[in-house]
Structures are given as C-alpha cells and as structure tokens.
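Bear in mind that the values here come from a model prediction, so they are computed numbers and not experimental data.
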Amino acid sequence: MITKIKNIFYAGLLCCAACVGLTACNDDNTGSIDVSGACLVEEFVLNNEYVATINTEKRLVKVKVPVNFDRKSDMQVTGLKVSEGATTNIKVGNHINLDADKTLHITNGDLVMDYQVSVRNDEAILSLFLLEGVKGAINQEEKTVTVSVMANSGIDLANATFEVECSEDAVCSPASGTKGNFTEPFLLTLTDNTATNTYTVYVTKIENPVALFVGEAENVEMLNDEEKAAAKWLTGNISGAAYASWSDVASGNISLERCRLIFFHRHCPSYGTYNGFADAEAGAMAALPRMREFWQQGGAFVLGRSAVNYAIALGAMPEDAYPNNVWGGGGGEGSDLMGDDPWHFFAYDPAHPLWKGLKTYPGAPENAVYTLDKGYTICNTTSQYGFWGTYEGGKDAFEAKTGGRALGGDNSVSSWELKAYNGQYGKGGIICFGSGLFDWNSPTSYSSNYHDNMGGIMLNAFHYLGGE
C-alpha cells in the first residue's frame, strides 16, 4: 500500500511539472513546492583572469592555470553568474584554497545542484604510446619512448601507425592514429596552452629478445583482451622483451640465445585435466621440444592461469599433479565485489623475493597481497589447488605431490614455484600464477593503485628467475 501511494504521488508531481513547463536540475533533490527555477553555472572566474570551462552534464567547473602556477591555495572568486534567483555557498570576493577540488552548492527554491570546482595546471604528458599495437616504454624524465619490435614482425617502420594517450587537454602533433617514419628518431609534440613537451620515439628491432610473451595469435593485437594486456605490459616494461607466436617459436624463427624468460599467460575456459590442456593447446605443444631445451639450458618461465599446465609438459611437475580447483571463462562476475577492500590472497612467505616492494592495504595482514582495485572487473579464470582429495593435507600435501613450493593462496595454493632443471629454486625456475586475481585487463574503468602490484610482481619474477 505504501509503494502504491508513493507512485501516485510521484506521478502527480511529474504531471504538475509538465503543466507549468518547469526547468529541472537533472532530478537533483527535486522538492515538491518550488521547482520553477534552474541551478546552472553561467560564468566562473578566478583572480580576474582565469575563466572556467563549465560542463553542466558532468557538473564540472574547470579552471586551467599556467603550467608553473603554484598559488592555488589562495585564489579569489572574481566572477560568478548562476541562474536567476539561485544562491550559492561560494560568493564573489571569497578567497578559497583550490589545492583540492571544492564543491559549489547551488540552491534555487527547492532545487539543488552541486558542481565540482577544479583548478588544473596546463599539462602535456604522454601516458601511452603504441606502434602498430606494440607498447612503448616512456621515460618521463628524459622525454623518450623506446619501442622494441621483433625483426620479423612485418611492421613497415617507414610507414607505421601510432596511437597515443596523453594529458586530458593536451593536443599531440602529429595526431594520434596517423602514420610516421620510425626508421629514425620520431618527434611527438604535446601542447596544452602554456605546457609543451616533445618526446623522441626510438624503435629498436630485436633479433635476440631477453624475454618473450608467447601466444597463439600472429601478433599482439589478435590476442584476447586479457592476454593482450599482459603481453603489452611485458613488451612495454622490460627492455628487449617482445611478442612471438608459438609457430614462430616452433619453427625456430625466434632466437632464444639471449632470452631469460618465457611468459605464457592463457585466458580461456579452464581445463580440468592435463590431457584437456594438451589436446586444446596445439601451438604450445608443437613448440614443446624447443621449450624443453630452453628450460634445460637454464631458461625460466612465468605461467598464468590455464598455462600453468605447461609446467607438466616441460617435465617440471608430475602429469597427475594438475590443478584440482579450476573454473573460468567468466566475463566479470567479480565487479560487484571490488569494494573499498578489493579481493586479495595471502603469501605463505612474505619475505619471498616475489612479494618485494608491493603496495599494502592499510590495516591488512602483513602477508596480504593485493592486485585489484575498487571498480576493477575481473574475468576470474582460475587453475589452482583446493585442499581436498589428494591435497586434503593442505600446503604440505601440495608440495609433496607436485614437488613445488607454495607461494600464495587463501585456503588454497594459487601461486607456486617449481625448481629449475638443475634442481634448485630461483634462477631458471618456473613460477605459476593459477589465481584469478592474477588479472591484467578490466573492461571497466578504475583508478589503478593495487593493480600496479601486477607489474611489481612480474619484475620481481624476472629478476628472481634471472638469478639477480
């Protein structure tokens, strides 16, 4: 009965609004008495010279100041116009601290609207560079971009397409999405009013990569989004790293002479048995003779998700020791669970080199490892070990069965390491991340904080497995 009365009331209110031709404020706290006005910002000026750009849809009053302007802590409101009859909490003549955003609260009768007042310095910073899908490593101090491409990549460097992401108001010249000649140093100029930066792009052809991300696709752009993000992290953050297809590896087209690490991260429906993996991953199995030789000669592996089964193919784990707790292929069922305290797992040994230097959550246990952020959508494909059946004895049972060492989990083993061919942990070994939390791509936007730990973990693995 209460719901029905509410519906009748709201229907009557909407009918009255239509009859009087009111101007509403995007349904902000609309009252039932006086809704005849509006709550719009028409003009906002600071210090007599800095005129705001007003975005009513986003309710943002943005004021740009010169790149070196450092007096945001004391700015005077010298111009403010709002809808007729409206009142504001900020007045002309007020001195306000705009080191952080402020709320401009507007009231007109029973209508209310809040705007965010933000003062931002001009900025011309490059945040992402892609050359035909290959991510470049950006050095902000030296204003350089280094891109490493395989010598047999097929990219025409004399006429290659590039894409950039940069500061919100910056303009790039030449424009993102156009072509350029990258056979020589290539200049990119970013401008935003008083801010200007020129980046120099250097492209290096790799004959002998130091690290490889290997996948089924002919090139990075043809991978699924999860694998693509992982591959681009490797090529953009480890100098001399590159992408190669399994067919390139199997055929011997790729030199492994200087390679220290193979990264195989496979996002697909999880396999419940090793034979299921071996039957489905034809490319990886075709390259197995060369990969075994690589491991036997001291090369290391990082294996993610379903790819952890490749450790069995290499001979580093018994064939019947495949993960017993697998699921996956989901499109993001974890998104609703990424709250202020995102998902995490626990390190069995927090002092292990793999967990060195990671960001920690305030108040969390010392051994908690965070790889996700609020708002992150996880695909959550998992290949790990649950403590039942063969592994009912927990961590000890896992280590006895697999011959490996448990690194992390949550009443499970979701991260572990296997010995190098010489029988020692560390250099030339294998690290497996079966956890769904080892996730590289979110289809929804989020502010990266703990997800930065993904890169930290990978760099730690690269150095640890390289014997550093």
Taking C-beta and beyond as the side chain, do P185 and V201 meet within less than 4.5 Å on heavy atoms?
->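 A side-chain contact under 4.5 Å is absent here.
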Find out whether I254 and P209 are in side-chain contact, i.e. whether some heavy atom of one side chain is under 4.5 Å from a heavy atom of the other.
->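 Yes - at least one pair of side-chain heavy atoms lies under 4.5 Å apart.
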Look at D452 together with K359 and state whether they make a salt bridge at an N to O cut-off of under 4.0 Å.
->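 So D452 pairs with K359 through a salt bridge.
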Please check if any side-chain donor atom of Y348 sits under 3.5 Å from a side-chain acceptor atom of N367, or the reverse.
->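 No - no donor-acceptor pair under 3.5 Å links their side chains.
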Cationic N near anionic O, under 4.0 Å, E168 to R120 |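 Judged by the 4.0 Å cut-off on N to carboxylate O distance, E168 and R120 do form a salt bridge.
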What's the shortest heavy-atom distance between V210 and F462, and which atoms?
->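 Taking V210 first and F462 second, the nearest heavy atoms are O-CE1, 4.2 Å.
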Are any of the side-chain heavy atoms of F438 and T382 separated by less than 4.5 Å?
->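 The answer is no; the side chains never approach within 4.5 Å.
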Run the numbers on D74 and H95 for side chain to side chain donor-acceptor pair (under 3.5 Å), then give the verdict.
-> CA-CA 6 Å; D74 182 19; H95 286 259; 3.0 Å; yes
Taking the six-membered ring for Trp and the single ring otherwise, decide whether the centroids of W246 and Y310 are under 6.0 Å apart.
->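 Yes, close enough.
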Might you work through the side-chain contact (heavy atoms from CB on, under 4.5 Å) test for T103 and Q116, ending with a clear yes or no?
-> CA-CA 5 Å; T103 298; Q116 177 185 351; over 6 Å; no
Shortest non-hydrogen contact between T371 and L437, atoms and distance |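 Looking at all heavy atoms of both residues, the shortest contact is OG1-O, 2.7 Å.
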Could you walk me through whether T107 and T87 pass the side chain to side chain donor-acceptor pair (under 3.5 Å) check?
-> CA-CA 5 Å; T107 303; T87 59; 4.7 Å; no
Step by step, work out the side-chain contact (heavy atoms from CB on, under 4.5 Å) result for N441 and W233.
-> CA-CA 11 Å; N441 177 69; W233 181 90; over 6 Å; no
Give, for atom CG of N108 and atom CE of M113, the distance between the pair rounded to the nearest 0.5 Å.
->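 Those atoms lie 11.0 Å apart.
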Dump the intermediate steps for side-chain contact (heavy atoms from CB on, under 4.5 Å) on L126 and N197, then the final yes or no.
-> CA-CA 9 Å; L126 184 67; N197 278 312; over 6 Å; no
Examine Y202 together with F182 and report whether their ring centres are nearer than 6.0 Å.
->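 No - the distance between ring centres of Y202 and F182 does not fall below the 6.0 Å cut-off.
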Heavy-atom check, side chain of I96 versus side chain of Q76, under 4.5 Å =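 Sidechains of Q76 and I96: no contact.
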Would N411 and F387 satisfy side-chain contact (heavy atoms from CB on, under 4.5 Å), going step by step from the backbone distance to the final call?
-> CA-CA 7 Å; N411 195 32; F387 295 154; 3.6 Å; yes
Donor-acceptor contact below 3.5 Å, side chain S176 vs main chain E163 =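 No; judged by distance alone, with no hydrogens or angles, the pair does not exist.
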Does a sphere of radius 6.0 Å around NZ in K102 hold more than 12 heavy atoms from other residues, nucleotides or ligands, not counting ones at 6.0 Å or beyond?
->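 For K102, atom NZ is crowded (more than 12 foreign heavy atoms under 6.0 Å).
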Option passing ring pair (Phe, Tyr, Trp, His ring centres under 6.0 Å) with Y370 (candidates F345, W355, Y361) =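 Passing option: Y361.
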Under 3.5 Å: donor-acceptor pair, side chain of T194, backbone of P66 |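 Here the side-chain-to-backbone pair does not exist.
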Would the number of heavy atoms belonging to other residues, nucleotides or ligands and lying under 6.0 Å from CD of E218 be above 12?
->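 No, the 6.0 Å shell around CD holds no more than 12 heavy atoms from other groups.
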Are more than 12 heavy atoms from other residues, nucleotides or ligands located less than 6.0 Å from atom CG of N97?
->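 It does: N97 CG has more than 12 such atoms within range.
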Answer yes or no: are there more than 12 heavy-atom neighbours, outside E84 itself, under 6.0 Å from its atom CD?
->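 12 or below, so no.
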Applying the side chain to side chain donor-acceptor pair (under 3.5 Å) test to H267, which of R305, E227, E226, K228 qualifies?
->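 The passing option is R305.
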State whether D192 and K64 are salt-bridged, where the test is any N-O pair (Lys NZ or Arg NE/NH1/NH2 against Asp/Glu carboxylate O) under 4.0 Å.
->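 Between K64 and D192 there is a salt bridge, with a charged N closer than 4.0 Å to a carboxylate O.
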Report yes if the distance between the aromatic ring centroids of H265 and F213 is under 6.0 Å, otherwise no.
->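 When the ring centroids of H265 and F213 are compared, they turn out to be at least 6.0 Å apart.
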Between the side chains of D114 and H105, is a donor N or O closer than 3.5 angstrom to an acceptor N or O?
->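 Looking only at side-chain atoms, H105 and D114 do form a donor-acceptor pair, the distance falling under 3.5 Å.
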Please name the pair of heavy atoms, one in A231 and one in L223, separated by the smallest distance, quoted to 0.1 Å.
->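 Shortest heavy-atom contact: CB-CD1, 4.0 Å.
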Please answer whether the main-chain N or O of I125 pairs with a side-chain N or O of S167 as donor and acceptor at a distance below 3.5 Å.
->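 Yes, the answer is positive, given that a donor and an acceptor are paired below the 3.5 Å cut-off.
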Answer yes or no: does atom NZ of K58 have more than 12 heavy-atom neighbours from other residues, nucleotides or ligands under 6.0 Å?
->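 Counting neighbours around NZ of K58, 12 or fewer heavy atoms of other residues, nucleotides or ligands fall under 6.0 Å, so no.
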Exercise: identify the closest heavy-atom pair between I206 and A241 |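 The pair with the smallest heavy-atom distance is CD1-O, 3.4 Å.
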Would you please indicate if the ring centroids of Y50 and F69 are separated by under 6.0 Å?
->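 Here the rings of F69 and Y50 have centres that are less than 6.0 Å from each other.
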Is it true that a side-chain atom of K232 and a backbone atom of A229 form a donor plus acceptor pair closer than 3.5 Å?
->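 Judged by distance alone, no pair lies under 3.5 Å.
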Please check if the side chain of E123 supplies one atom and the backbone of V67 the other of a donor-acceptor pair under 3.5 Å.
->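 Side chain of E123 to backbone of V67: no pair is present.
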Strictly under 6.0 Å, is that where the ring centroids of W343 and Y450 end up?
->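 No: the rings miss the under 6.0 Å criterion.
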Is a side-chain N or O of N159 found less than 3.5 angstrom from the main chain of D156, in a donor-acceptor match?
->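 Looks like no, no N/O pair under 3.5 Å.
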Residue pair F129 / F162, side-chain heavy-atom distance below 4.5 Å |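 The answer is yes; the side chains approach within 4.5 Å.
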Interatomic spacing from CG in L40 to CZ in R59 - rounded to 0.5 Å |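 Answer for the CG-CZ pair, L40 versus R59, is 10.5 Å.
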Check: T198 and L188 side chains under 4.5 Å, non-hydrogen atoms =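 Of all side-chain heavy-atom pairs linking T198 with L188, none is under 4.5 Å.
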State whether the side chain of N94 and the backbone N or O of K91 hold a donor-acceptor pair below 3.5 Å, judged by distance alone.
->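 Present.
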Going by atom types alone, do T161 and K179 pair a side-chain donor with an acceptor below 3.5 Å?
->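 There is such a pair (donor and acceptor under 3.5 Å, judged by atom type) between the side chains of T161 and K179.
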Looking just at side-chain N and O atoms, do S148 and T204 make a donor-acceptor pair shorter than 3.5 Å?
->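 No pair is found: no donor N or O on one side chain lies under 3.5 Å from an acceptor on the other.
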Step-by-step side chain to side chain donor-acceptor pair (under 3.5 Å) determination, N121 to K72 | CA-CA 9 Å; N121 291 86; K72 289 189 283 187; 2.9 Å; yes
Quick check: does any side chain N or O of S245 sit under 3.5 Å from a backbone N or O of D248, one acting as donor and the other as acceptor?
->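 Yes; judged by distance alone, with no hydrogens or angles, the pair exists.
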Any side-chain heavy-atom pair from T88 and L104 closer than 4.5 angstrom?
->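 Yes; the side chains approach each other to less than 4.5 Å.
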Donor-acceptor pair, N460 side chain versus G357 backbone, under 3.5 Å?
->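 No, the answer is negative, given that no donor and acceptor are paired below the 3.5 Å cut-off.
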Criterion side-chain contact (heavy atoms from CB on, under 4.5 Å) against Y446, the qualifying member of L372, D373, T377 |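 The side-chain contact (heavy atoms from CB on, under 4.5 Å) with Y446 is passed solely by D373 among L372, D373, T377.
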Evaluate side chain to side chain donor-acceptor pair (under 3.5 Å) for D410 paired with S412, printing each intermediate quantity in order.
-> CA-CA 5 Å; D410 189 358; S412 63; over 6 Å; no
Check for a donor-acceptor pair, side chain of S127 on one end and backbone N or O of E165 on the other, with a separation under 3.5 Å.
->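 At least one qualifying donor-acceptor pair exists.
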Residue pair F433 / V302, side-chain heavy-atom distance below 4.5 Å |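 In contact.
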